[in-house]
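Shown next, in structure tokens, is the structure this report addresses.
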Amino acid sequence: MKTKITELFGIEHPIIQGGMHYVGFAELAAAVSEAGGLGIITGLTQKSPEDLANEIARCREMTDKPFGVNLTFLPTVTSPDYPGYIRAILEGGVTIVETAGRNPQPYLPALKEAGVKVIHKCTSVRHAKKAESIGCDAVSVDGFECGGHPGEDDVPNMILLPRAAEELTIPFVSSGGMADGRSLVASLAMGAEGMNMGTRFIATKEAPVHENVKQAIVAASELDTRLIMRPLRNTERVLTNEAVERLLEKERELGSELGFEDIMEQVVGVYPRIMLEGDMDAGAWSCGMVAGLIHDIPTCAELIGRIMSEAEEIVRGRLEGMLA
Ligand SMILES: Cc1cc2nc3c(=O)[nH]c(=O)nc-3n(C[C@H](O)[C@H](O)[C@H](O)COP(=O)(O)O)c2cc1C
């Protein structure tokens with residue numbers, strides 16, 4: 001399939017694996033890229049720019065196809081060494097960066113001057129337009145369904161994607177709730193040039209996370225995610241578990257008095273315990289409603305191959321047949 005996104009990134013299929021904390025290691029990024037999609041290493045999961053440089057080198061050993069790095073700009077007081085991470089990206093010869101979180105403007109000149117293609121992930125049309133105006137090459141439009149941080153506007157993709165199509169000139173991909181060929185065709189119908197998936201890629205053979213995480217996604221239904229940190233305006237969609245229910249109880253109890261320190265136990269430093277050790281009640285971890293559509297653990301090549309053949313069957317068989 002040829003779209004503006006496959007052309008922009010030099011990839012075979014318009015499918016991107018979004019950056020994911022403690023999931024987006026070289027193994028997954030390389031597997032997605034090898035399968036013809038765009039794999040993405042999560043920059044900040046690497047503790048230092050040197051570690052990111054090593055991760056990029058490891059990925060390069062596993063694939064000679066294009067892959068990217070995610071840089072998430074956090075709303076924290078003590079900022080990570082972003083200039084250092086960008087240096088590692090440029091010196092590692094990475095030509096695609098997925099930015100997310102806060103406005104990437106301060107870091108764009110360094111990336112653009114080096115010829116890096118930047119796709120910014122955002123959850124509203126206004127932020128997408130801002131990304132376009134500051135020179136991003138594409139955007140990833142993340143609907144309310146998404147795993148991770150859906151923002152505070154609560155607009156699902158059925159509305160958000162056509163709205164993005166109305167307002168944007170640069171190409172965009174859908175993100176949030178995407179799992180299969182149906183998702184891809186629907187995204188293209190709504191004006192996207194491809195799709196970005198997070199949760200779906202965790203339940204793959206190559207995702208270097210504990211088997212418990214993959215099984216939890218397969219077992220979950222579309223009713224099993226919760227929105228946490230709403231009172232702090234830092235909403236995150238996570239899979240429910242004991243820790244999450246405790247956290248929500250605290251949010252209800254404290255109401256507007258809630259501070260970050262009240263929920264730290266459930267959210268700070270829990271990712272390694274969950275993703276690497278499989279301690280599924282250790283705390284809150286991002287997961288999309290799309291878990292309800294995930295029933296197996298294929299390889300990335302099987303998944304992407306299946307999505308592309310399903311999409312073709314829908315377009316050539318089902319849809320074209322309806323017009324005949
Ligand atoms: C476990 C997990 C961790 C994530 N970590 C990040 C992250 O560090 N940075 C980021 O930009 N997005 C992160 N995301 C969001 C994904 O890149 C993607 O936008 C989202 O998962 C799309 O929604 P979906 O899960 O419905 O496919 C994360 C998502 C998950 C499920």
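The model shown is predicted, which means the values in this text are computed figures rather than measured ones. Counting starts at 1 for both ligands and their atoms, following the listed order.
- For Glu55 (side chain) and Ile41 (main-chain N/O), no donor-acceptor pair under 3.5 Å exists by modelled atom type.
- Scored by the side-chain hydrogen bond (donor to acceptor under 3.5 Å, both in side chains) test, Thr6 finds no partners at all (sequence neighbours excluded).
- When the salt bridge (Lys or Arg N to Asp or Glu O under 4.0 Å) test is applied to Arg306, the partners found at least two apart in sequence or on another chain are Asp296.
- Because its NZ or CZ atom is not both nearer than 6.0 Å to the ring centre of Tyr22 and within 45° of the ring axis, Arg273 does not count as a cation-pi partner of that residue.
- Applying the salt bridge (charged side-chain N to carboxylate O under 4.0 Å, His left out) definition to pairs two or more places apart or across chains, those involving residues 105-120 are Lys112-Asp137.
- In this structure, a donor-acceptor pair under 3.5 Å is present between the side chains of Thr99 and His120.
- Every protein residue with a heavy atom nearer than 4.0 Å to ligand 1 is included here: Gly18, Gly19, Met20, His21, Thr42, Asn70, Thr72, Ala100, Lys121, Asp142, Cys146, Gly147, Ser175, Gly176, Gly177, Asn196, Met197, Gly198, Thr199, Ile202, Met275, Ser286, Val290.
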